[in-house]
Structures are given as C-alpha cells and as structure tokens.
Amino acid sequence: MTTVRRSDATRAAILEAARERFAADGYERATIRAIARDAGIDPSMVMRYYGNKEGLFAAASEIELDLPELGLLPARHIGAVLVTHFLERWERDDVLTGMLRVGVTNEAGAERMQAVFARQLGPVTRGVCPDPDQAPRRAALVASQILGMALARYVLRLPPAVEMSTDEIVAWLGPTVQRYLAAEAP
C-alpha cells in the first residue's frame, strides 16, 4: 500500500507542477525538466507516468467545469447563472486561465479546450435550447462570450474588464448568453 500511496502522491505532485508550469510558461516553453524540478522528482518519473509532454499536458489539462444543474431553474435565469458560474470558476482556478493561454497559442491546447467545452457545455446547451439541432452553434456562441470575457479579464487584463464587478459583468453578459441559449434563431 505504501507504494500505491507514494505513486499517487508523485502523480499528484507532477500534475500540480505541470498545471502551474503550463499556466505560467505556456505549452511550448514548459519543459519536462522544469516540471520535474518543481515537483521535486527526477524527470524520468514524469516520463514513466505520462509518457511524454503531450500525455502530461492531456492529464494536467483535464478540467471539470462543474456546471450547475439548470433543469430546475426558471429559463430566464440560465444566462446569468452560467456567467456567474464561469466567473467564479475563473476567479478560483488558475488552471482555466492557463488553459486559455495555451489554447490561444497552441494547437494541442486549443483541441483540449474544444473537447472540454463540447463535452461539458454541449449537453447543457442541448438541454435548454428550443431546437437541439442548434445546440452546437448556440454552445459556440455562449463560449465566445465566456471565453472572450475570460481572455479580456484574466489573460490580457484589460483594465475596464478587470475593474468591473461580477454583478456588472453578469448584467452585461447574462442577457446575451440567455439569448444565445433560448431565443428563437434569427
């Protein structure tokens, strides 16, 4: 059992170090050596558990958005609830910011972000939009608003976006997200 616990602790240390390094340096500049050094282990251990940088990145970038259950909410509140949820997630999770940085500069990062949003936002969108066949388009529109604000606020740190309160952002973006989710298609 000690081996399993040590193995789990080593994997956790590697993933923590990788998330921080990918967030700070981006995919291209992050190295196995630097990640191993940050985790306090030999680089061969990183390779043993994850095979290569791509495998490590895939494991480190596994993100659970923890989207709220929307089925019981009045339909008119869904946009505001989603915007609030994403802002709260970004405020407490540097991995999301790191993934966004990597996603805009690296193909593998973009693919990871696409997969996360398709797998997690897609079903939510299908569950609330009037025509399930439009769900992928609507999910993309929702993502454009959420990711656009995240890019402006947490990556580029545009002063007006940073200075806005959560309530202000929700008041501006909530109705737009709501429209993308539930309004009749143009």
Side-chain angles (χ1 to χ4, degrees), residues 7-67 82-122 124-125 136 139-166 169-170 172-173 176-177 180:
S7 170
D8 289 347
T10 301
R11 285 177 191 260
I14 293 168
L15 289 178
E16 170 107 10
R19 286 181 181 119
E20 290 175 11
R21 182 61 60 179
F22 285 128
D25 295 348
Y27 182 84
E28 274 77 15
R29 291 192 336 242
T31 65
I32 295 293
R33 278 191 200 287
I35 291 166
R37 184 179 58 245
D38 294 347
I41 60 166
D42 188 87
S44 66
M45 295 300 289
V46 176
M47 303 306 280
R48 174 179 171 198
Y49 290 122
Y50 298 101
N52 56 30
K53 186 174 171 179
E54 292 80 21
L56 176 59
F57 179 73
S61 62
E62 190 56 42
I63 297 171
E64 194 56 49
L65 296 176
D66 298 323
L67 293 170
L82 278 177
V83 171
T84 301
H85 174 76
F86 276 105
L87 288 171
E88 289 172 356
R89 286 283 286 135
W90 246 285
E91 290 290 333
R92 72 175 195 268
D93 190 346
D94 290 338
V95 173
L96 288 175
T97 302
M99 283 297 301
L100 184 58
R101 277 191 191 106
V102 172
V104 297
T105 61
N106 175 273
E107 188 175 331
E111 289 171 4
R112 291 298 297 159
M113 289 296 282
Q114 291 165 8
V116 166
F117 272 81
R119 183 173 42 87
Q120 296 180 48
L121 186 59
V124 168
T125 306
L141 291 167
V142 169
S144 74
Q145 296 302 301
I146 300 294
L147 294 174
M149 177 51 75
L151 183 65
R153 186 173 172 97
Y154 302 110
V155 176
L156 300 175
R157 303 202 46 77
L158 299 176
V162 172
E163 293 163 5
M164 290 175 74
S165 71
T166 298
I169 295 170
V170 171
W172 280 98
L173 293 185
T176 300
V177 169
Y180 289 157

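- R89 places a side-chain N or O within 3.5 Å of a backbone atom of E64 that can act as its donor or acceptor partner.
- Considering every non-hydrogen atom in both A39 and A13, the closest pair reads CB-O, 3.7 Å.
- The structure places OG of S61 at 11.0 Å from CD of E111, a figure rounded to the nearest 0.5 Å.
- Across all their heavy atoms, R112 and F57 have their closest contact at CG-CE2, 3.5 Å.
- The local environment of CD in E16 is sparse, with at most 12 non-hydrogen atoms from other residues, nucleotides or ligands closer than 6.0 Å.
- By the neighbour-count criterion of 12 heavy atoms within 6.0 Å, atom CZ of R92 is densely surrounded, having more than that number from other residues, nucleotides or ligands.
- Between atom CG of residue L141 and atom CD1 of residue I146 there is a gap of 12.0 Å, rounded to the nearest 0.5 Å.
- Looking at heavy atoms from C-beta onward, F22 lies out of side-chain contact with M99 at the 4.5 angstrom threshold.
- For R119, the CZ atom sits in a packed shell: over 12 heavy atoms of surrounding residues, nucleotides or ligands are nearer than 6.0 Å.
- Put simply, CZ on R101 and CG on N106 are 14.5 Å apart, with the number rounded to the nearest 0.5 Å.
- Side-chain atoms of Y50 and L15, non-hydrogen and from C-beta on, do get closer than 4.5 Å to each other.
- The distance from atom CZ of F117 to atom CG of L147, rounded to the nearest 0.5 Å, is 4.0 Å.
- Side-chain atoms of M149 and I169, non-hydrogen and from C-beta on, do get closer than 4.5 Å to each other.
- For R153 (side chain) and A161 (main-chain N/O), a donor-acceptor pair under 3.5 Å exists by modelled atom type.
- Summarising the geometry of R29 relative to A24, their closest heavy-atom pair is NH2-O, 4.0 Å, with the distance given to 0.1 Å.
- The distance from atom CZ of R19 to atom CG of D38, rounded to the nearest 0.5 Å, is 14.0 Å.
- Across every non-hydrogen atom of I35 and A17, the tightest pair is O-CB, 3.6 Å.
- Residue Y180 holds its OH atom at 9.5 Å from CG of L173, rounded to the nearest 0.5 Å.
- Looking at every heavy atom in both residues, R21 comes nearest to R37 through NH2-NH2, 4.3 Å.
- Considering every non-hydrogen atom in both Y49 and I14, the closest pair reads CD1-CD1, 3.7 Å.
- No side-chain donor-acceptor contact under 3.5 Å links Y27 and E107.
- When L67, L96, V142 are each tested for a side chain to side chain contact (heavy atoms under 4.5 Å, CB included) with F86, only one passes: L67.
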